[in-house]
Amino acid sequence: MATVEITVKQDGVMLDLLLWRRFKALPDGFVEQVYEMNYGLAEKGEFLPLGTVVVAPIPDPNDVSAAQKVVSLWD
């Protein structure tokens with residue numbers, strides 16, 4: 001499994017937002033998987049401190065659970 005290191009560069013960033021900004025889609029259970037890969041990350045608190053390095057797997061682009069449903073107001 002390929003992984004990527006993401007460094008927190010702003011104050012007030014939570015893990016799910018950090019991952020969303022990097023991948024633009026989160027498969028089901030992805031945040032939990034990242035917590036499992038980064039021992040002690042939950043103890044850092046709700047907002048990740050500046051400079052925290054998070055290791056995350058690179059999601060499979062063919063994973064249908066990560067696909068977003070497009071909503072149109074004029075269908």
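This chain uses plain numbering: 1 for the first residue, then up along the sequence.
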**Student:** I need the minimum non-hydrogen distance between P27 and A25, along with the two atoms involved.
**Tutor:** CD-O, 3.8 Å

**Student:** If every non-hydrogen atom of A56 is compared with every non-hydrogen atom of F23, which pair is closest and at what distance?
**Tutor:** CB-CE1, 4.2 Å

**Student:** Which pair of heavy atoms, one from L26 and one from L19, lies closest together, and at what distance?
**Tutor:** CD2-CB, 3.7 Å

**Student:** Is there side-chain contact between L41 and T52, with at least one heavy-atom pair below 4.5 Å?
**Tutor:**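 L41 vs T52: side chains touch.
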
**Student:** Taking the side chain as every heavy atom from C-beta outward, state whether P57 and V34 have any atom pair closer than 4.5 Å.
**Tutor:** yes

**Student:** Are any side-chain N or O atoms of N38 and backbone N or O atoms of V54, one a donor and one an acceptor, separated by less than 3.5 Å?
**Tutor:**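 Flag not set: sc N38 to bb V54 has no pair under 3.5 Å.
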
**Student:** With a 4.5 Å cut-off on side-chain heavy-atom distances among I, L, V, M, F, W and Y, is there a chain of contacts connecting V13 to V4?
**Tutor:**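 Hydrophobic grouping puts V13 with V4.
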
**Student:** Determine the minimum heavy-atom distance between R22 and I6, stating which atoms define it.
**Tutor:**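 Heavy-atom minimum between the residues: CG-CD1, 3.7 Å.
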
**Student:** For the hydrophobic clusters of this structure (ILVMFWY residues joined by side-chain heavy atoms under 4.5 Å, transitively), does one cluster hold both V55 and V8?
**Tutor:**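 Different hydrophobic clusters.
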
**Student:** Given side chains that start at C-beta, do those of L48 and M14 come closer than 4.5 Å, heavy atoms only?
**Tutor:**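 Answer no - side chains too far apart.
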
**Student:** Could I get the full list of side-chain contact (heavy atoms from CB on, under 4.5 Å) partners for V53, not counting sequence neighbours?
**Tutor:**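 E5, T7.
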
**Student:** How far does CD of Q10 sit from CG of L50, to the nearest 0.5 angstrom?
**Tutor:** 8.5 Å

**Student:** When rounded to the nearest 0.5 angstrom, what is the spacing between CH2 in W20 and CG in L15?
**Tutor:** 14.0 Å

**Student:** Please tell me if the side chains of D16 and F30 come closer than 4.5 Å, counting only heavy atoms from C-beta onward.
**Tutor:** no

